[in-house]
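First the structure, in the form of structure tokens, and then the observations on it.
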2 protein chains.
Amino acid sequence: MQEAYYVAKSIRKTKTVSTESTKKRVFHNSDDCPIRNVVAQIGDKWSVLILFALVEGADRFNSLKSRVVGISQRMLTQTLRDLEREGYVNRTVYPEVPVKVEYELTSMGRDIVKPLYQLVSWAETHHGEIKRSRKAYDERN
Amino acid sequence: MQEAYYVAKSIRKTKTVSTESTKKRVFHNSDDCPIRNVVAQIGDKWSVLILFALVEGADRFNSLKSRVVGISQRMLTQTLRDLEREGYVNRTVYPEVPVKVEYELTSMGRDIVKPLYQLVSWAETHHGEIKRSRKAYDERN
DNA sequence: CAGTATCCTGTTAGATACTG
DNA sequence: CAGTATCTAACAGGATACTG
């Protein structure tokens, strides 16, 4: 396992005596921790679905709205703005009448989709196992 | 890109006429969509950090509490329960006095950490780029 | 030690109405 | 068409006090 700056060696300055002093601490500092700062961002309710929709190519606002089933206009706007701000999505306005706005993945957007696919692929494979685990847990609790 | 059941071909039954009828729809159905159902679960504030802390081996409640910096007792309990329910974590009570409770990754827990590392590794690599993108966005808006 | 139980606040996201 | 603006309900999560 690689050692990252948000995972620092435990500086045993606390008074608690432990038999295991080799374990690392895991920080969540919002500014400097990629986990909270990057993963948590795309871990919201709609980001991944929008990114996956855009993998198939540039698309317009209302087309996305109908393809990302269940999303509200408000959340589509807001999540697209967030994704644009992060650098995953480009927004292009075509000054026609009526106006046309296209969203497409940046190179970084196409890039982050790869590890996301790994994760989603894992999730698909283990989805049944997870559902069984939940069911078993709920039955014994 | 693989075609999953949460990504279905667009059934063009809406009245809107589109020049691109080949794009897929992306569902978010909570019960059947692994994205919402698995990814969103571990996308909360503490799950990934706890999983990463447990990669180093089984650990006890209060040790975890000090290692996962900033987490409250309430959220540690709650997130551990969720992770246990999903099947990522095993909880073992040792009936000593005082009681000792150990948490450790299940085989599935050790397994999901792999794609998570891929994602976090990506995040580390691109963290600077993302921060610059945010700054640029904020300056022009 | 390893939690529960309460209370409380900020955020998230849906619904609805309106606009250049 | 592609959004804003506003209101509100639900939820996530922190602080604190208490317990087997």
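Only heavy atoms go into these numbers, but all of them, side chains included; no hydrogens, no water, no symmetry mates. Proteins come first, then strands; the chains are lettered A, B, ... in the order of their sequence lines, and each starts at number 1.
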Next item on the list: Please report the closest heavy-atom contact between Asn37(B) and Arg134(A), naming both atoms and the distance.
Entry: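 So the two residues come closest at OD1-NH1, 2.7 Å.
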Note to self: Ignoring hydrogens, what is the shortest heavy-atom contact between Asn141(A) and Tyr137(A)? Give both atom names and the distance.
What the structure shows: ND2-O, 2.8 Å
Checklist line | Contact state string [nucleotides 15-20 of chain C, B base, S sugar-phosphate only, - no protein heavy atom under 4.0 Å] | finding: B-B---
Check: Does Lys65(B) have a side-chain nitrogen or oxygen under 4.0 Å from the phosphate oxygens OP1 or OP2 of dG3(C)?
Finding: no
Note to self: For dG3(C) and Arg91(B) - does any side-chain N or O of the residue sit under 4.0 Å from the phosphate oxygens OP1/OP2?
What the structure shows: yes
Keeping [X] on the side-chain end and [Y] on the backbone end, is there a donor-acceptor pair under 3.5 Å?
| X | Y | value |
| --- | --- | --- |
| Thr77(A) | Gln73(A) | yes |
| Gln41(B) | Arg36(B) | no |
| Thr106(B) | Gly87(B) | yes |

From [atom1] of [X] over to [atom2] of [N], roughly how many Å is that when rounded to an integer?
| X | N | atom1 | atom2 | result |
| --- | --- | --- | --- | --- |
| Asn62(B) | dC1(C) | CG | C1' | 6 Å |
| Gln41(B) | dC11(D) | CD | P | 15 Å |
| Asp44(A) | dC11(D) | CG | P | 18 Å |
| Trp46(A) | dT11(C) | CH2 | C1' | 17 Å |
| Phe61(A) | dA2(D) | CZ | C1' | 6 Å |

Item checked: Strand DNA chain C in bracket notation, Watson-Crick/G-U under 3.5 Å with | for pairs to another chain -> ||||||||||||||||||||
Examine [X] and [Y] and state if one hydrophobic cluster contains both, with Ile, Leu, Val, Met, Phe, Trp and Tyr joined whenever side-chain heavy atoms are less than 4.5 Å apart.
| X | Y | value |
| --- | --- | --- |
| Val55(B) | Trp122(B) | yes |
| Met108(A) | Ile35(A) | yes |
| Phe61(A) | Val93(A) | yes |

Check: In residues 75-84 of chain B, which ones come under 4.0 Å of DNA chain D, going by heavy atoms?
Finding: Met75(B)
Note to self: We want to know whether Asp44(A) and Ser47(A) form a side-chain donor-acceptor pair, criterion being a heavy-atom distance below 3.5 angstrom.
What the structure shows: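 The answer is yes; a qualifying pair exists.
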Checklist line | Arg67(A)-Asn62(A) side chain donor-acceptor pair, cut-off 3.5 Å | finding: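 Side chains of Arg67(A) and Asn62(A): no pair found under 3.5 Å.
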Note to self: Both Ile71(B) and Tyr103(A) contact DNA chain D. Taking the nearest nucleotide for each, which residue is further toward the 5' end?
What the structure shows: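 Here Tyr103(A) is the residue nearer the 5' end.
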Item checked: Check against salt bridge (Lys or Arg N to Asp or Glu O under 4.0 Å), Arg91(A) and Glu102(A) -> CA-CA 6 Å; Arg91(A) 178 176 180 270; Glu102(A) 259 195 0; over 6 Å; no
